[in-house]
Amino acid sequence: QVQLVESGGGLVQAGGSLRLSCEASGRIFSIDAMGWYRQLPGKQRELVADITGGGITNYADSVKGRFTISRDNAKNTVYLQMNSLKPEDTAVFYCKMILRKRDDGYAYQYWGQGTQVTVSS
């Protein structure tokens, strides 16, 4: 079985920084895309940033220039460095990975359990 475990959320003042981590464990052959999403109560989950296996990144307009996504393939981990945080960044953040359990061409999608980020004004 594969598990994604997130860490690094918490409470921070506006203008502050947080770094989220998400580590995958279990039967993993390789990981394609990794990404971070966020969700507010009663709203749909939205993409914050993602990164391909080749390192190409993509960001939501609202976080460009403030957030940086990166990955460590040796550790099966994706990071999200969040700087200049704003109250409107408050949400539950989820990581997502598209990975392969073996070299058979099948890819699977997994989500982390979510971590709360709260930015006070």
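Counting begins at 1 with the first residue of the sequence. Note: hydrogens, waters and symmetry copies are ignored here, and every other heavy atom, side chains too, is used.
- For Phe67 and Trp36, the ring centers are positioned 6.0 Å apart or more.
- Considering all non-hydrogen atoms of both residues, Gln113 and Leu4 come closest at OE1-O, 3.3 Å.
- At least one side-chain heavy atom of Ile69 sits less than 4.5 Å from a side-chain heavy atom of Val78.
- Here the NZ atom belonging to Lys75 is positioned 15.0 Å from the OG atom belonging to Ser25, to the nearest 0.5 angstrom.
- One hydrophobic cluster holds both Met82 and Tyr59 under the rule that ILVMFWY side chains link at heavy-atom gaps under 4.5 Å.
- With rounding to the nearest 0.5 Å, the separation of CZ in Arg19 from OG1 in Thr68 is 10.5 Å.
- Here Ser30 contributes atom OG and Asp103 contributes atom CG; the two are 7.5 Å apart, rounded to the nearest 0.5 Å.
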- Query: Does the side chain to side chain contact (heavy atoms under 4.5 Å, CB included) test come out yes or no for Phe93 and Val48, once each step is laid out?
  - Reply: CA-CA 9 Å; Phe93 281 70; Val48 175; 4.0 Å; yes
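- Counting only distance, with no hydrogens or angles, the side chain of Arg71 and the backbone of Thr52 share a donor-acceptor pair below 3.5 Å.
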- Show your reasoning for whether salt bridge (charged side-chain N to carboxylate O under 4.0 Å, His left out) applies to Asp89 and Lys86. CA-CA 5 Å; Asp89 292 318; Lys86 304 175 181 179; over 6 Å; no
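- Across all their heavy atoms, Leu18 and Leu85 have their closest contact at N-CD1, 3.8 Å.
- Side-chain atoms of Glu6 come within 3.5 Å of backbone atoms of Gly114 as a donor-acceptor pair (strictly under, hydrogens ignored).
- In this structure, Thr90 and Gln116 approach most closely via the heavy-atom pair CG2-NE2, 3.9 Å.
- Both the sub-6.0 Å distance and the 45° axial angle are not jointly satisfied by Lys96 relative to the ring of Tyr110.
- Stacking of Arg45 on the aromatic ring of Tyr94 is recorded, both the 6.0 Å distance cut-off and the 45° axial limit being met.
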- Query: Where do Glu46 and Tyr37 land on the side chain to side chain contact (heavy atoms under 4.5 Å, CB included) test, with the steps shown first?
  - Reply: CA-CA 5 Å; Glu46 63 177 13; Tyr37 291 72; 5.8 Å; no
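- Atom CD of Gln3 has 12 or fewer neighbouring heavy atoms from other residues, nucleotides or ligands inside a 6.0 Å radius.
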- Item | Working for side chain to side chain contact (heavy atoms under 4.5 Å, CB included), residues Ser17 and Gln81 | CA-CA 7 Å; Ser17 299; Gln81 178 66 45; 4.0 Å; yes
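- To the nearest 0.5 Å, atom OG1 of residue Thr115 and atom CG of residue Leu20 are 6.0 Å apart.
- By the rule that hydrophobic residues join a cluster once side-chain heavy atoms approach within less than 4.5 Å of another member, Ile28 and Tyr108 end up as members of one cluster.
- Under the 3.5 Å distance criterion, the side-chain polar atoms of Arg66 are matched with a main-chain donor or acceptor of Ser84.
- Ser121 approaches Ala14 most closely through the heavy-atom pair CA-CB, 4.4 Å.
- Screening Glu23, Gln109, Met34 for a side-chain contact (heavy atoms from CB on, under 4.5 Å) with Met97, the sole residue that qualifies is Met34.
- Connection of Val2 to Ile98 is not established within any shared hydrophobic cluster, with ILVMFWY side chains joined at heavy-atom distances below 4.5 Å, either directly or through further cluster members.
- The shortest non-hydrogen separation linking Val117 to Gly9 is CG2-CA, 4.2 Å.
- If you chain together hydrophobic residues whose side chains sit under 4.5 Å apart, Leu80 and Val12 fall into the same group.
- The shortest non-hydrogen separation linking Arg38 to Ser62 is NH2-OG, 3.2 Å.
- Here the side chains of Asn58 and Leu47 are in contact, with some heavy-atom distance below 4.5 Å.
- Residue Ile31 is not grouped with residue Ile56 when hydrophobic side chains (ILVMFWY) are merged at heavy-atom distances under 4.5 angstrom, including chains of intermediate members.
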